[in-house]
Structure formats: C-alpha cells, structure tokens
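Data first, discussion second: the structure below is written as structure tokens.
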Amino acid sequence: MKKKIVVIIGPTAVGKTKYAIRIAQNLDGEILSADSMQVYEHMNIGSAKPTDEELATVRHHLIGEVDPLQEWSAAEYQKKAKFWIDEMFSRGKLPIICGGTGLYVNSLIYDMDFSTAKGDESLRKELQLLADTMGGQALHDRLTKVDPTAAERIHPNNIKKMIRAIEVVETAGKGIPAFDGVFQKSGDYDSIMIGLNIDRQILYNRIEQRVDAMIEAGLVDEVRMLLALGLTEDDNSMKGIGYKELIGFLQNEYSLKEAVMKIKQNSRNYAKRQMTWFRRYDNIKWFDLTDTVNFEQSVQEVTEYIQSKLVV
RNA sequence: GGAUGGGUGCCCGAGUGGCGAAGGGGCCAGACUGUAAAUCUGGUGCCGACUGGCAUAACACCGCAGGUUCGACUCCUGCUCCAUCCA
C-alpha cells in the first residue's frame, strides 16, 4: 500500500500556515512547503513566511533554504521535496505539504517528469530574440514544425511556453510528454487533499490588511536589503509580489502609496489564479472558512477528516 | 464677474454626424509538464445555447434641458458642475 501525504492548499492569505502547523502537531507531522517564494532566504516578510516562533513549533522543510541569487526551478523543487518526503517517512513522520504554488503541488501529486530537457540559456536567448524581432507568430511557426501537438496547445502570444516547448524538442529530441488534461496520479504515494477557501470578498479584505501589515513590519527595508545583496528586478526571486512593486518605488518610479496599491492588486489577482488552478483537483476536500468563528474547532474538523482518510 | 479647457460605461480614457461607444485597468471565467507570486486566453448593458433578441416599461443610452437632422456622444442654444488663469 502506498504511503500517504497530506496536501493543504488554498489561495494566498486564507490561513494555510496556521492550519498546517496545528494539524502537524495533532498528527505528528512535519511541514513541507510548496511555495515558490518562501523557499528563498532573506525573503521573509513579503513572502509571508511562517514566523520564527511558528518555525520552532513544527519542523519545516524548503523554507528559506535557497539563495535568492541562485537559479531555482520546479524541477529542482520536485527533486528536493521528494527527498524530504522520503526522509520524513523514514522517521515515521507524516508529511504535510502546504503551499500555494500549483505547479509545485502538481509535481508531487502527479507523475511529472521534468528531466527530459534541461534549460538551455543560449537557445532561450536566441528564441526570445526571434520573438522580439519577428513576433510571437514566428516562434509559433517554428514550434509547429518541430512539435505540432504542442503548437496546438500553446497560444502564439505565450512566448515563455513556446520557448520551453521548443527547447525541450531541440535538446531532448522529443516533445513535452503529451497530456490531454488527465494527469497520472503519483506512483509514489497517495495524497489526502485539503482545500481551504473563504468568501472572495473576505479574502480580498484579508489580503489588503496583510499587505498593510507587511509594510508596517518593514517590507521596504527588506527589499532594500535584498537590493544591497546584489539582487535586481531581473532575478526570479525578485519577481515575487511585494518585491517587484517596491523596487519600482525605491527607484522613484512611483510613490509608496501607489506601490502598496499595486501589491494589493497583484495579490488579489494571484489569489484568483490560484483558485482557478486548485479547482481542477478532484479528490479534494474543501473547507469553507467563511463562517468559521472558532479556529481550534475548525482545525479539529480538518484533523478528523484527515484521520479518517489515514485509516482507510 | 471674465477667459480657457473639460464633464463618456465600475475606474481611467479615445471618440467630432451612423456607437449599445476604441484601448487600458478592475471584475468574472479559463489555460498551465524546468523562470509558475511567472506566462497566457476569453467574457464584461440586459436576456439567451446561438453568427439570436431587446432601446415608448429591468438598468443603462456618453453632465441636464431643449433644438437642428433620416440619424447626434459628436452640430446649435440655455443651464449646471469641475480645473486652471485673470479680476
């Protein structure tokens, strides 16, 4: 029988962190983050990392472990995450995956093979140049020649996706594994999927409050510090919401007030996209937190649900 | 009191006789196999499954009220509000 992992997902600011910690305590688990920004060192406030206190309560993995100057990718994530899951199993701990990065979650709950082709910087640059000078259609034509199936799936405006598709074919000799919207569940373990959601308007309000709190907690200084470390707006880590907008402010492109508005805006849009992604999961148990008045009781409900699934 | 510019759909904003009004934002929905907090797509007056229907009865119909015209957001008149400048 395959071993079981718990996966807690939901839009940003819904309260995943708090739930995951309490559930880990209840079920003798450890938390494995599935968050593309929280993996980075020094990016604490803006990525809404768990606090030091929280990190001390339950052991966490893949939080603050990557130098933001370093290259990082979903493939890298998958490799390390799987390592940690096995490691937790070996110590008898229940792995609790918690995070809002859909692709990272997919890389664990489905069989996804990122190994076929590594990134090829020079080819990427060449293709980007082609797109810049000749337009997206030219790239799409080229993709059609080497991988018609992929070309059918990818819109000519989606430069990034086309570049990757071409890269895969030209370096690996075959295209991205075809998929028809049906994912193959992971062969390594079974996932108990928990979705946390809340009324949209309430979520949006929480996001705005949290952004204000981040600013008060010193987000601007955090960004200053990262820039001082040599990070620039071109680094992926600095493309995170809360970071890219403040760079603009620090470069005097707009006021702090405007930067804050942009952060709120982008966070809201992000939350929405996350929901689009998560709604596709079947076998997920959604918990609507809209009317939750008692946090502990709510945690208890989720815990009991997981327990019922662990026994089966 | 005088001069000039302007009041357009949730917001910004284009439009100078055929507009249920470009474009952008927001919002809603969707896609997603090595950058994913990224990248991209569609919808958004109302009804509807539609290349369909509805503007003298949901609402709205380009600040308000009239006028000219087959027809006006676009032209004319008056009023009103805002901005800047002069008194």
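In what follows, chains carry the letters A, B, and so on, assigned in the order in which the sequence lines appear, proteins first and then strands, with residues in each chain numbered from 1.
- For A:D291, the salt bridge (Lys or Arg N to Asp or Glu O under 4.0 Å) test picks out no residue, with sequence neighbours left out.
- Set against B:A38, B:U35, B:A29, the side chain of A:R200 has B:A29 as its closest nucleotide.
- Applying the side chain to side chain donor-acceptor pair (under 3.5 Å) test to A:Q25 and every residue at least two apart in sequence or in another chain returns A:R22.
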Could you go through residues 225-235 of chain A and list every donor-acceptor pair under 3.5 Å that involves a side-chain atom there, pairing it with any protein atom two or more places apart or in another chain?
residue	atom	partner	partner atom	Å
A:T232	OG1	A:D234	N	3.1
A:D235	OD2	A:T232	N	2.9

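- Both the sub-6.0 Å distance and the 45° axial angle are not jointly satisfied by A:K239 relative to the ring of A:Y243.
- Residues meeting the side chain to side chain donor-acceptor pair (under 3.5 Å) test with A:N44, sequence neighbours left out: A:K49.
- Rounded to whole Å, the C1' atom of B:C82 lies 11 Å from the corresponding atom of B:G63.
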Produce the list of close N/O pairs, under 3.5 Å, pairing protein atoms with atoms of nucleotides 41-44 of chain B; give distances to one decimal.
residue	atom	partner	partner atom	Å
B:U41	OP1	A:N157	ND2	2.3

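- When heavy atoms are screened at a 4.0 angstrom cut-off, A:S107 is found touching no nucleic acid atom at all.
- Rounded to whole Å, the C1' atom of B:G24 lies 14 Å from the corresponding atom of B:U44.
- Applying the 4.0 Å criterion to OP1 and OP2 of B:U33, one finds that A:R153 has a side-chain N or O inside that range.
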For RNA chain B, what dot-bracket results from Watson-Crick or G-U pairs at under 3.5 Å, with [ ] for crossers and | for inter-strand partners?
-> ((((((((.[[[..)..(....]]]((((((.......))))))(((....)))........[[[[[..)....]]]]]))))))).

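- Rounded to a whole angstrom, the distance from the P atom of B:G7 to that of B:C70 is 28 Å.
- Looking at residues 256-277 of chain A, you'll see A:Q265, A:R268, A:N269, A:Y270, A:K272, A:R273, A:T276, A:W277 sit with a heavy atom under 4.0 Å from some atom of RNA chain B.
- The salt bridge (Lys or Arg N to Asp or Glu O under 4.0 Å) contacts involving residues 135-146 of chain A comprise A:E126-A:R142, A:R142-A:E170, where partners must be two or more places apart or lie in separate chains.
- Under the side chain to side chain donor-acceptor pair (under 3.5 Å) criterion, A:Y189 pairs with no residue, sequence neighbours left out.
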Hey, can you pull the donor-acceptor pairs under 3.5 Å for the side chains in residues 253-263 of chain A, sequence neighbours left out?
residue	atom	partner	partner atom	Å
A:E253	OE2	A:Q251	NE2	2.9
A:Y254	OH	A:E245	O	2.7
A:S255	OG	A:E258	N	3.1

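- A distance of about 26 Å separates the P atoms of B:A57 and B:U69, rounded to the whole Å.
- Using atom P as the reference point in both B:G15 and B:C85, the two lie 25 Å apart (nearest Å).
- Spacing of P atoms, B:G48 relative to B:A58, comes out at 15 Å, to the nearest Å.
- Under the side-chain hydrogen bond (donor to acceptor under 3.5 Å, both in side chains) criterion, the residue pairs touching residues 7-19 of chain A are A:T12-A:R210, A:Y19-A:S298, with sequence neighbours excluded.
- Among the protein residues, A:Y110 comes within range of no part of the nucleic acid, since none of its heavy atoms lies under 4.0 Å from any strand.
- Across the C1' atoms, B:U74 and B:U8 are found 11 Å apart, a figure rounded to whole Å.
- Residues forming a side chain to side chain donor-acceptor pair (under 3.5 Å) with A:E54 (at least two apart in sequence, or on another chain): A:T51.
- Within the nucleic acid shown, A:G242 has no heavy atom closer than 4.0 Å to any nucleic acid atom.
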